[in-house]
Visitor: 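Sharing a structure below in C-alpha cells format, with a few things to ask.
Bear in mind that the values here come from a model prediction, so they are computed numbers and not experimental data. A note on names: the letters A, B, ... follow the listed sequences, proteins ahead of strands, and every chain is numbered from 1.
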Amino acid sequence: MTTSTLAPAPRYWLMKSEPDECSIDDALAAPNATVPWTGVRNYQARNFMRDGMQVGDGVLFYHSSCPEPGIAGIARVASGTRPDPTQFDPASPYFDPKSPTDAPRWLLLDVQALRKTRLISLAELRSTPLLSQMRVLQKGSRLSITPVEESEWACITDVLMRGD
DNA sequence: GCCAACGTTGGC
DNA sequence: GCCAACGTTGGC
C-alpha cells in the first residue's frame with residue numbers, strides 16, 4: 001500500500017511583502033490577480049519555493065516593513081519555480097552580479113491573490129495562543145517565506161470567518 | 001532612527 | 001573550517 005493514489009497533503013505558507021512594493025490590493029489588481037514573487041534573496045526561502053511549495057498551496061499574504069504589519073489577504077501558489085529575472089537586471093534593487101546567467105541562483109514563483117481580508121495585526125497574531133508556535137512569530141525570525149501548520153491555517157481562517 | 005537577530009563574506 | 005566584521009531585516 002502506498003499513498004500514491006491520495007491527493008498530496010495540503011501545504012500552507014506565509015509570504016511577506018512590503019505593501020509599498022506589492023500590497024494585497026496590488027496583487028488583486030494584477031492580471032489574473034497573479035504576481036511573480038520577485039526578490040527572494042535568501043537560500044532558505046528559495047529552497048522552500050524550490051523544494052516545498054506546490055501549485056495550489058495556501059498562502060497567507062503578510063504585509064511587512066509598514067505601519068501596520070500583519071496578514072492582509074489569502075493567496076495561493078500558482079506556478080512552479082523559474083529563475084527570477086531581476087537578479088540579472090543591473091537596474092533592479094534585486095540585481096545579483098554574482099549570479100551566473102547559466103546557473104541562476106534565485107528563483108521565483110507566481111502567487112495568485114484570492115481575497116483581501118481584514119488585517120490580522122502582528123499583535124493579534126502574537127496574542128493568539130494557538131498561533132504561538134508560528135514560525136514567523138519566533139524570536140529573530142526574518143525569513144520572508146515560512147511554512148504554516150495546518151492547525152495554524154485553520155485557526156486563522158476561523159478567526160477571519162468570525163470577524164471578517 | 002534604533003537595534004536585536006540573523007545571514008553572508010572573507011581572511012586566516 | 002573558524003569566526004569577526006559587515007550587511008540586511010523588520011518591528012518599534
Visitor: Are the side chain of A:K16 and the backbone N or O of A:L143 linked by a donor-acceptor pair below 3.5 Å?
Guide: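 Yes, because the side chain of A:K16 sits within donor-acceptor range (under 3.5 Å) of the backbone of A:L143.
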Visitor: Compute the ring centroids of A:Y94 and A:W37, then answer whether they are less than 6.0 Å apart.
Guide: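 No, they do not, as the ring centres are separated by 6.0 Å or more.
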Visitor: Between A:D89 and A:T86, do the side chains contain an N or O donor and an N or O acceptor separated by less than 3.5 Å?
Guide: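 On atom types as modelled, these side chains do not qualify, holding no pair under 3.5 Å.
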Visitor: Would a hydrophobic clustering, with Ile, Leu, Val, Met, Phe, Trp and Tyr connected at side-chain separations under 4.5 Å, put A:I145 with A:L108?
Guide: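 Looking at the clustering, A:L108 is in a separate group from A:I145.
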Visitor: Would you grab the first and last nucleotide of DNA chain C (5' to 3') that comes under 4.0 Å of any non-hydrogen atom in chain A?
Guide: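 In short, chain A contacts DNA chain C from C:dG7 to C:dC12.
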Visitor: What pairs meet the salt bridge (Lys or Arg N to Asp or Glu O under 4.0 Å) rule with one or both residues in residues 27-55 of chain A, with sequence neighbours excluded?
Guide: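 Qualifying pairs, neighbours excluded: A:R41-A:D84.
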Visitor: Short of 4.0 Å, heavy atom to strand atom, which residues of residues 137-145 of chain A count as contacting DNA chain B?
Guide: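 By residue number: A:K139, A:G140, A:R142.
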Visitor: Does the ring center of A:Y43 lie less than 6.0 Å from the ring center of A:W106?
Guide: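 That pair passes the under 6.0 Å test.
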Visitor: Taking the side chain from A:T34 and the backbone from A:A30, do they hold a donor-acceptor pair closer than 3.5 Å?
Guide: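 No; judged by distance alone, with no hydrogens or angles, the pair does not exist.
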